[in-house]
Amino acid sequence: MHLRTLRAFVEVVRQGGFSPAAKVVFATQPTVSKAVKQLEDELGVTLLDRAGHRPVLTAAGAIVQRRALAILAERDDMLREIDDLRGLRRGELRLGLPPLGSSQLFAPLFAAYRQRYPGVEIRLVEHGSKRLEEILLAGEIEMIATLLPLADDFDFQPIRREPLTALIPASHPLAGAKTVDFAALRETPFILFEGGFALNAVIIAACERRGFIPTEAARSGQIDFIAALVAAGLGVAFLPRMIALQRPHPGVHLATLTEPGIDWHMALAWRRGGYLSDAARAWLALARGAG
């Protein structure tokens with residue numbers, strides 16, 4: 001069983017087909033198909049149901065995928081350790097960042113890191129926090145920025161804590177308020193972020209503690225569009241204070257959200273017990289100094 005065969009199989013599952021997987025592993029489609037068939041023959045089981053438009057994992061395939069991801073993650077850990085022997089003259093940092101807050105918190109770090117360690121390649125992945133946590137645990141990336149609190153699967157370094165600000169339409173009865181809580185907004189529709197943003201779960205959980213589930217007016221991953229929806233009177237939205245203050249809108253009133261336990265608390269996180277490369281440790285040190 002070869003690592004390249006496992007890589008081909010994992011990419012077929014991840015990319016949803018043999019042709020897109022072939023592009024990722026820099027091989028031809030027949031080569032990838034042959035590699036997966038060889039793996040099936042070696043194990044004596046069918047790994048993929050090929051009857052539909054997309055190959056689907058069988059029960060045996062799910063086991064092999066899970067184990068293959070762990071094996072490939074260990075292989076990547078080994079390569080990072082070897083790179084560390086050479087110091088930070090070269091290497092790779094595989095980093096995952098969420099759309100919300102990254103430009104404010106991490107763009108300056110990128111410039112400083114690149115200047116200090118020009119030989120280290122940064123491979124950046126961008127998703128909502130929940131998706132980032134999944135691919136971090138799968139070993140596809142080494143470190144992510146995500147919201148606290150976190151499960152016991154992760155170690156973390158806090159980066160920034162900000163109160164949430166409510167974005168309220170200028171026509172709303174509470175548009176003149178300096179502070180507001182969820183109880184006062186329970187009759188107003190909420191504009192939330194799209195799936196995968198950890199902030200959604202924080203907001204909904206806080207509303208449930210208040211005894212209600214908010215009515216959703218819309219979801220989006222675009223901050224400017226969310227602000228425009230608020231200005232149009234569709235509902236209220238919520239942003240960390242530093243982001244809300246940088247995105248003023250004439251039709252939107254900002255009020256501090258006085259709700260306990262829902263601060264936007266960003267941290268850098270990595271797999272508990274996993275190997276952390278010198279490139280990643282250097283990123284942590286730089287972030288710690290910036291904080």
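Quantities reported herein were computed from a predicted structural model and do not represent experimental measurements. Residue numbers run from 1 in the order of the sequence given. Below, all heavy atoms of this structure are taken into account, side chains as well, without hydrogens, waters or symmetry copies.
Summarising the local packing, CZ of F225 is surrounded by 12 or fewer heavy atoms from other residues, nucleotides or ligands at distances under 6.0 Å. The environment of CD in Q222 is sparse: at most 12 heavy-atom neighbours from other residues, nucleotides or ligands sit within 6.0 Å. At most 12 non-hydrogen atoms from other residues, nucleotides or ligands lie less than 6.0 angstrom from CZ of R67. Annotation: R116, atom CZ; neighbour count of heavy atoms from other residues, nucleotides and ligands within 6.0 Å does not exceed 12. Within a 6.0 Å sphere centred on CZ of F110, other residues, nucleotides and ligands contribute more than 12 heavy atoms. The 12-atom threshold is not exceeded at CZ of R54, counting heavy atoms of other residues, nucleotides or ligands nearer than 6.0 Å. Counted within 6.0 Å of CD1 on I213, heavy atoms from surrounding residues, nucleotides or ligands total 12 or fewer; the atom is thus considered open.
You'll find the side chain of P158 reaches within 4.5 Å of the side chain of H265, heavy atoms only. W264 has its side chain out of reach of L239: every pair of non-hydrogen atoms, C-beta onward, lies at least 4.5 Å apart. Looking at heavy atoms from C-beta onward, P99 lies out of side-chain contact with F193 at the 4.5 angstrom threshold. Within the 4.5 Å cutoff, side-chain heavy atoms of V25 are placed close to those of V32. Residues P240 and L100 are in side-chain contact: their nearest non-hydrogen atoms beyond the backbone lie under 4.5 Å apart. You'll find the side chain of R14 reaches within 4.5 Å of the side chain of L69, heavy atoms only. Side-chain contact between R75 and L3 is present, with at least one heavy-atom pair separated by less than 4.5 Å. Using a 4.5 Å heavy-atom threshold, the side chains of P55 and D49 count as separate.
Contact detail for V120 and A279: the closest heavy-atom pair is CG1-CB, 3.9 Å. Listed here is the closest heavy atom pair of R281 and L276: NE-O, 3.1 Å. Minimum interatomic distance between P98 and M266 (heavy atoms only, all atoms of both residues): CG-CE, 4.0 Å. Contact record, M242 with G101: CE-O, 4.3 Å, taken as the closest heavy-atom pair. Annotation for M143 and L136: closest pair N-CD1, 3.9 Å, computed over non-hydrogen atoms. Nearest approach of T146 to S129, heavy atoms of both residues: OG1-CB, 3.2 Å.
Going from atom CG of L150 over to atom CD1 of I144 covers 7.0 Å, rounded to the nearest 0.5 Å. Taken from CG in L39 to OG1 in T5, the straight-line distance is 6.5 Å, to the nearest 0.5 Å. For the atom pair CZ of F18 and CZ of R50, the computed distance is 4.5 Å after rounding to the nearest 0.5 Å. Taken to the nearest 0.5 Å, the CD1 atom of I168 stands 8.0 Å off from the OG1 atom of T188. Atom CG of L137 sits about 11.0 Å away from atom CG of L132, to the nearest 0.5 Å. A distance of 8.0 Å separates OG1 in T165 from CG in L257, rounded to the nearest 0.5 Å.
Between the side chain of H253 and the backbone N or O of A177 there is at least one donor-acceptor pair closer than 3.5 Å. Using modelled atom types, no side-chain atom of E259 and backbone atom of A206 make a donor-acceptor pair closer than 3.5 Å. A side-chain donor-acceptor contact under 3.5 Å links H172 to the backbone of L174. Between the side chain of R241 and the backbone N or O of T256, no donor-acceptor pair lies under 3.5 Å.
Cluster annotation: F156 and I141 are assigned to the same hydrophobic cluster (Ile/Leu/Val/Met/Phe/Trp/Tyr, side-chain heavy-atom contacts under 4.5 Å, transitive). Under the 4.5 Å side-chain heavy-atom criterion for grouping Ile, Leu, Val, Met, Phe, Trp and Tyr, L95 is not connected to F154 through any hydrophobic cluster. Under the 4.5 Å side-chain heavy-atom criterion for grouping Ile, Leu, Val, Met, Phe, Trp and Tyr, F238 is connected to I204 within one hydrophobic cluster. Hydrophobic clustering of Ile, Leu, Val, Met, Phe, Trp and Tyr side chains at less than 4.5 Å, counting indirect connections, unites L6 with L48. Cluster membership for I63 and V13, using ILVMFWY side-chain heavy atoms within less than 4.5 angstrom, is not shared.
If you look at F182 and F212, their ring centroids are not closer than 6.0 Å. F106 has its ring centre no less than 6.0 Å from the ring centre of Y113.
Under 4.0 Å is where a charged nitrogen must lie from a carboxylate oxygen, and between R272 and D155 at least one such pair does. Of the charged side-chain nitrogens involved, none lies within less than 4.0 Å of a carboxylate oxygen, so that K37 and E40 do not count as a salt-bridged pair. In this structure, E162 pairs ionically with R160, as a charged nitrogen and a carboxylate oxygen lie closer than 4.0 Å.
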Next item on the list: Starting from the C-alpha separation in whole Å, work towards a yes-or-no answer on side-chain contact (heavy atoms from CB on, under 4.5 Å) for V10 and L72.
Entry: CA-CA 9 Å; V10 164; L72 293 171; 3.9 Å; yes

Notebook entry, point to check: Could you go step by step and tell me if D76 and E142 meet the side-chain contact (heavy atoms from CB on, under 4.5 Å) rule?
Noted result: CA-CA 10 Å; D76 291 341; E142 185 175 11; over 6 Å; no

Item checked: Full working for side-chain contact (heavy atoms from CB on, under 4.5 Å) between V24 and Q15 -> CA-CA 9 Å; V24 173; Q15 304 300 327; 3.7 Å; yes

Next item on the list: Dump the intermediate steps for side-chain contact (heavy atoms from CB on, under 4.5 Å) on R210 and R186, then the final yes or no.
Entry: CA-CA 9 Å; R210 286 283 192 170; R186 65 183 301 158; 5.7 Å; no

